[in-house]
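Here it is, the structure in full.
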Amino acid sequence: MKFWIVFVLLMIVSMAYAEDSEKKDGTDENGTVMLVQRKVKNGGATYRVSTEDGTILADSARVKPGTVLYVDVDVKRDDEGVFMLDAAYLAVNAYHTPKYYINGRMTEIEKGKRYKFTMSEWNADVNLSIFPLYTIKVYVEGNGSVTIKNTVRDTYKGENYYVSANVVFLVDADEGYYLSSVNMRNWNKKPYSTSINQANEITEFSYDGQGHAYEVDAVFKKIDTSLSEDLGEHCKTSGLPATAESADRVKFTVHCDEGYFLSKVYQECGDKNDKSCYKDISADKNGIYSMTKGNSASVVKGKLQYKVTFEDEGESYVDYYTSNEGFYDSGINYTIKAKHLSSEVIKSISYSYYDGADSVKGELKLLSCSANKDCTSGTFNMPAAPVVFKVTRGLVNYGVGNELDGICVAKGLPDSANAGDKVKFNVVCEAGYALAELPVFGEEGSSDLSSVDSAGGEYSFTMPASNVVLSGGQLKYAVILEDTSSSFVVFPDADMDGDSVYADYALPGDAVRIYVGEEVGSDIGEVMFSYKNGDENQEMKLKLLGCDDDGCWSEIFLMPSVPVSVSVERKKREYAVAKNNDEHCSVEGLSAKLFYGGAAEFTVTCDEGFEAAVSLVCEDGKTCPVLSEKDGVYSFVQSLETVLISVESSEIPAKDPVKDPADDPEDDDSGNGDSETTVVKNHLQNALRISVVDRSVMISGLKPGSSVAVLDMQGRVIRNVTADRNAMLLDLPRSGRYLLKSGTAHKVINVR
């Protein structure tokens, strides 16, 4: 397969070269074409092109179309492994119009044969590629044999193989022997790394394809059946035989003296190349070890660990993970941790063990005792013997120092405390200042910041077994909002979904921005922040970078080392107030626009003999402000929309004169039952009255339940609504001429 891939690639390269050629196409004036010979690829051979009469052509020669040409190949032999030519391929490519490929072929030249072809009428290239063979020699040491099988082309036997061929070694060890190693060397005798699988005594590797001859050394050794142990003086095996055949399954148990434990048991063999050795041996639930005997001399070994015990009423432990309960490796540095009791503190940690017959004792230095009531010792190098640690406890009172002064002061801090006590105190800072952190330092400058808890200005820490001092701490500075209704301070990466984004204080250099919330009926104006720089006031306007329905974000500013004031300017919105004066009544004393929440007052004046019904109308029936009246003065509070004042005039009916019952129309023999009042009421039925303010249309004189249709001038219905009272306010989508109809009444209006 690899062979044919190379073959195809060569053809592609040859065709690519053809497309870049600048040769002229077709025959010249003498009726000849150019033949160009190329170099041999992969080396190791040469070729020549000749005519039928034996004339050898130069690398560039002119011949007539139809000339029969022959290619002869000369193969070189290399003493370092290059043998006869395995195969050669001749590419003949002819060209027509510039860079246009006419025909080409790639044909194998058999060994010892010449290739014949006929020259076409176009310019052509002849290009030869060869594939040599290389030698692999095998040397065997010991009692065994190695044969090689070429899995790519079985037709080539012996020691010669292709570049990149896949080669298989078949290994056969004599009885009582095993394959110890297989090593490869290339042509200059340097070792060549190869992955060799010895399972089932078959090894395989892929020939590297570098064009070198190779040598293979196979070493066979005699199988050694001896089996022994080397577990030291404190552990012994039971049931381990003195000899065992290769691949035999061997079982045994292990017993160690008190205080000693084997954390790992393994087999070590005399032959380091014996891959059946050097494997950990595991025990089953009954403590029985099982191993497979290696090919060479085998020794059972183990890794010894040593017991650690504590003389302590409280809780103490070695600060190091171990999978074996209480046993540890020698030569490793460990630390010891002991927990405080509620009434006592740790004063010392000592150790003792036996070095042979001699007793070794000492005391560990205590490095720290933290808020979680752990005391940590200095490092202890575990000896090759069981160790006993003794923890001594007692009450100790230590001093508490205070370096807080100036802007922040500690109150309620004791002068001393017992180790393990909970020390509580308060920190009070000047307005605009707070502590970002409050370090507590122990002896020798050791810091225990994690032991300090704070909430609302109250601090606490657990007293260690040493004197401590409160340092000055790091200050943070307030961001004072003059607009506190809906503005707050946030950090740029804060999550806006929770209260945690709010920050009263910030550290110098922190990136801070302001979020200004919307207020009903007002717009956000300028956002300014200011602070004192010495005796000078610094002030800057913050840009609003983006807004949503709820508010706006400011640009980021860096917090200075002083408190900052932030002010927000808000501008109240104005809304239009329209009025619909009647022909007999009119509204007086009313502004054309009012701020949201502003109070509006007006009066209504009517002609003599007329009175007015006054009401408020809002867009499309939205909730309007409440209209009130006192002593002829009307008032309301402006809302978030245009408000239209509707005035409906009516004639004041004349009072009926006192009549004699005989004059009652009901007794009139004429049969006319209409009274004078009824006549007046019929007379007061008004036609529609319409007024236009911008695109808002006020319609009055309606009967509740009547329908109003708005049509464009082509007769298409724009709006169709039902009146729920005698007046309504409609908003039209755009300027133009419209037709309003209600019952038989209709009117054309112009909307700007």
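Source: prediction; values computed, not measured.
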Option passing ring-ring contact (aromatic ring centres under 6.0 Å, His included) with Y328 (candidates Y317, F389, Y353, Y334): Y334

Working for ring pair (Phe, Tyr, Trp, His ring centres under 6.0 Å), residues F380 and Y351: CA-CA 9 Å; F380 173 75; Y351 61 87; 4.7 Å; yes

Minimum side-chain heavy-atom gap I556-V512 below 4.5 Å: no

Side chain to side chain donor-acceptor pair (under 3.5 Å) between E245 and T225, worked out: CA-CA 5 Å; E245 295 296 328; T225 60; 5.2 Å; no

Donor-acceptor under 3.5 Å (E229 side chain, T237 main chain): yes

Sole residue of Y433, Y531, Y505 in ring-ring contact (aromatic ring centres under 6.0 Å, His included) with Y477: Y433

With sequence neighbours excluded, residues passing ring pair (Phe, Tyr, Trp, His ring centres under 6.0 Å) with F252: Y289

The single option from D274, N295, D271 passing side chain to side chain donor-acceptor pair (under 3.5 Å) against S180: D271

Pairwise ring-ring contact (aromatic ring centres under 6.0 Å, His included) hits with a residue in residues 232-251, at least two apart: H234-Y260

Listed partners of D248 passing salt bridge (Lys or Arg N to Asp or Glu O under 4.0 Å), at least two apart: none

Heavy-atom side-chain contact between V409 and V427 under 4.5 Å: no

More than 12 heavy atoms from other groups under 6.0 Å of CD on E141: no

Sub-4.5 Å side-chain heavy-atom contact between P386 and T309: no

Heavy-atom side-chain contact between L262 and K303 under 4.5 Å: no

Residues E315, K339: salt bridge by 4.0 Å N-O rule: no

Neighbour count >12 (heavy atoms, 6.0 Å) for atom CG, D284: yes

Heavy-atom side-chain proximity of V400 to V469 below 4.5 angstrom: no

All salt bridge (Lys or Arg N to Asp or Glu O under 4.0 Å) counterparts of D224, not counting sequence neighbours: none

From F425 atom CZ to K411 atom NZ, the distance as rounded to the nearest 0.5 Å: 14.0 Å

Non-neighbouring partners of D217 that pass salt bridge (Lys or Arg N to Asp or Glu O under 4.0 Å), sequence neighbours left out: R185

Point-to-point distance, once rounded to the nearest 0.5 Å, from NZ of K251 to CG of L240: 14.0 Å

I288 backbone acceptor or donor facing K285 side chain under 3.5 Å: no

Under the salt bridge (Lys or Arg N to Asp or Glu O under 4.0 Å) test, residues paired with K307 that sit two or more places apart: none

Check: Q267 side chain, G294 main-chain N or O, donor-acceptor pair, under 3.5 Å: yes

